[in-house]
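Below: the structure, in structure tokens.
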Protein chains: 2
Amino acid sequence: MIRTVMVVEDDDAIRMVLRTNLEDEGYRVLEASTAEQGLVIVQDEQPDVVLVDLRLPGIHGLDLVRSLRATSQVPIIIVTAQTDSHDVVAGLEAGADDYVTKPFVAKELMARIRTQLRRSSQPEESEEELVCGPIELHPDTAEVMRNGEPVPVSRIEFFVLAELIGAKGRVLSRDHLLRKVWGYGNAGDGRVVDNLIYRLRNKIEDDPANPELLLTVRGFGYRMKA
Amino acid sequence: MIRTVMVVEDDDAIRMVLRTNLEDEGYRVLEASTAEQGLVIVQDEQPDVVLVDLRLPGIHGLDLVRSLRATSQVPIIIVTAQTDSHDVVAGLEAGADDYVTKPFVAKELMARIRTQLRRSSQPEESEEELVCGPIELHPDTAEVMRNGEPVPVSRIEFFVLAELIGAKGRVLSRDHLLRKVWGYGNAGDGRVVDNLIYRLRNKIEDDPANPELLLTVRGFGYRMKA
DNA sequence: CCTACCTGCGACACACCTGCGACATACGCG
DNA sequence: CGCGTATGTCGCAGGTGTGTCGCAGGTAGG
């Protein structure tokens, strides 16, 4: 199961470092540079963890924490400069679940994220196997195996496949995939999903014209064979 | 499962656009042009999502949100001309689940509605079993099984069958089905339901000419065998 | 700077859906 | 029994959903 981490941080450099580290750990990353943006995206995407910088332009991170906590149970981790330690207490009281001070050690932050994820997720599904017939996904290495042989897939293809296999045979609408994989921006687009499915089939199906794994459900969307 | 969306909006033009779009998406639509009306109808009909304009004559939309939230868990989406982030935060803290600013992209609004529906419907895992004799509906995969064998049905056929089986043997009038499945738009049409029942029978009945599952109640409508 | 790949887009093709209309049949009622 | 209405039956044609594939701009890596 691919987890999504939301980063609300106005410093481009720090956001970049966070993104790199998080992606290395196999997370999907959403970004926002303001509290307003963050609020919307969290509502929209329901990430599994939110990282919040306290020093944000405009609305303060502390208010963002309160707003988030008002409508969501999502784990919130405050990421802040050490001088803000007074704010940290306020942040935790506002509803944050943990905090990390800058400059932080990436490994430590990753560990705290895992802790939050472990706490908020059902143990049964926490380390679910992404396997469907001859197809096997390894989130660690972002690799797709087919009958044990590695199949080269792009980043987006990997996430779509992960989402589909994670759904365990349930139908996923194009819209669901657009939101979960492409994310917040591309809401209005056309046939991107169809195209990607087509390309995925060419890579994982024996006979792409008669798919046996990645099935179409006309009028609803796509699903993996159970 | 047919979902109902409530629109509280005083501008006739915007309400019309919303209605059209929502019906295109397969929702049943309820309308109100004032907060008072909206409150009554929500309590009466218990829609699955409520869209609220903030600028309403008389009682302000924000107060409507609070009133709704006081007595209901229904997802609320604010639709507002206000781009001021302050109102947005106030709205979300008042209990709204999301917001869209005018002029909005219809597709985006529809997507957000789906997001809310998805969230609010996930906890209620206790979906009743959609089974009737040898027929079995799986909403997860949008599949209809007959004696364990999958039967290909179209989107509308699936919804009609779901509505009928969900009614557990009660008679459903053509008008009821039209409203629930097709939506208010096609209310004046002719024999669409009869046609669809005919086609459904050809797919699920052993002898479509002598139906044993999908029964006609002359003068009233159709019902499933108990 | 070059190259290979990714990715969104649009165009076309094809199968399927679906509303419609016309006719046939069944039912209820006098 | 005969009539009117409700429903069953079925083919047609336009619309819609999806598959397919080539193109071009973008991007990452060498």
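Lettering of chains follows the sequences in order, A, B, ..., and the numbering in each one begins at 1. Predicted model only: the values in this text are computed from it and were never measured.
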Review point. End-to-end bend of the helix from C:dC1-D:dG30 to C:dG30-D:dC1 (five-pair axes, 10° rounding)?
Key: 40°
Point to revise | A:Y198 side-chain proximity, nearest of D:dG8, C:dT18, D:dT20 | key: D:dT20
Practice item. Answer yes or no: does a side-chain N or O of B:W182 lie under 4.0 Å from OP1 or OP2 of C:dG19? Key: yes
Check your understanding: When the distance from CG of B:N202 to P of C:dC17 is rounded to whole Å, what number comes out?
Key -> 13 Å
Review point. If you check every side-chain atom of B:S154, which of C:dG19, C:dC17, C:dT7 has the closest atom?
Key: C:dC17
Practice item. Return the minimal non-hydrogen interatomic distance between A:L22 and A:V29, and the atom names on each side. Key: CB-CG2, 3.5 Å
Check your understanding: Any donor-acceptor pair under 3.5 Å linking the side chain of B:R146 with the backbone of B:I204?
Key -> yes
Review point. Atom CZ of A:R155 and atom C1' of C:dC6: how far apart are they, to the nearest Å?
Key: 13 Å
Exercise for review: Taking A:E205 for its side chain and A:L214 for its backbone only, find out whether a donor-acceptor pair lies under 3.5 Å.
Suggested key: yes
Check your understanding: Would A:E9 and A:R55 satisfy salt bridge (charged side-chain N to carboxylate O under 4.0 Å, His left out), going step by step from the backbone distance to the final call?
Key -> CA-CA 8 Å; A:E9 162 70 72; A:R55 293 250 165 123; over 6 Å; no
Point to revise | Length of the CG-C1' vector between A:L196 and D:dC21, whole Å | key: 15 Å
Review point. Would you say A:D10's side chain and A:S33's backbone share a donor-acceptor pair under 3.5 angstrom?
Key: no
Review point. Would you say the side-chain atoms of A:R170 pair up with the backbone N or O of B:D140, donor to acceptor, closer than 3.5 Å?
Key: no
Exercise for review: Rounded off to whole Å, could you give me the CZ-to-P distance for the B:R201 and D:dT9 pair?
Suggested key: 7 Å
Exercise for review: Could you tell me whether A:V153 contacts a base, only the sugar-phosphate backbone, or nothing, with contacts defined as non-hydrogen atoms closer than 4.0 Å?
Suggested key: nothing
Review point. Ignoring hydrogens and angles, does a donor from either the side chain of A:R174 or the base of D:dG17 sit under 3.5 Å from an acceptor on the other?
Key: no
**Study point:** Nucleotide C:dG19, atom P - distance to CD of B:E157 in whole Å
**Key:** 10 Å
Point to revise | Contact letters for nucleotides 21-30 of chain C, in which S counts primed atoms plus P, OP1 and OP2 and B counts the base, heavy atoms under 4.0 Å | key: B----BB---
Review point. Think A:R28 forms a cation-pi with A:F159, using NZ or CZ under 6.0 Å from the six-ring centre and within 45 degrees of its axis?
Key: no
Review point. Counting heavy atoms not belonging to A:E143, are there more than 12 under 6.0 Å from its CD?
Key: yes
Revision key, fill the gap. Taken to the nearest whole Å, CG/A:D194 to C1'/C:dC9 is 12 Å
Review point. Across the strands shown, which category fits B:I197 at heavy-atom distances under 4.0 angstrom: base, sugar-phosphate, nothing?
Key: nothing
Review point. Given C:dG19, D:dT20, D:dT7, which nucleotide is nearest the side-chain atoms of A:A209?
Key: D:dT20
Point to revise | Contact under 4.0 Å: A:T216 side-chain N or O vs D:dG17 OP1/OP2 | key: no
Review point. With B:R174, which residues qualify under side-chain hydrogen bond (donor to acceptor under 3.5 Å, both in side chains), at least two apart?
Key: B:D194, B:Y222
Review point. Is it true that a side-chain atom of B:E163 and a backbone atom of B:V160 form a donor plus acceptor pair closer than 3.5 Å?
Key: no
Check your understanding: Quick one: A:L214 CG to D:dG19 P, roughly how many Å, whole number?
Key -> 9 Å
Point to revise | Spacing between A:Y222 atom OH and D:dT18 atom P, to the nearest angstrom | key: 6 Å
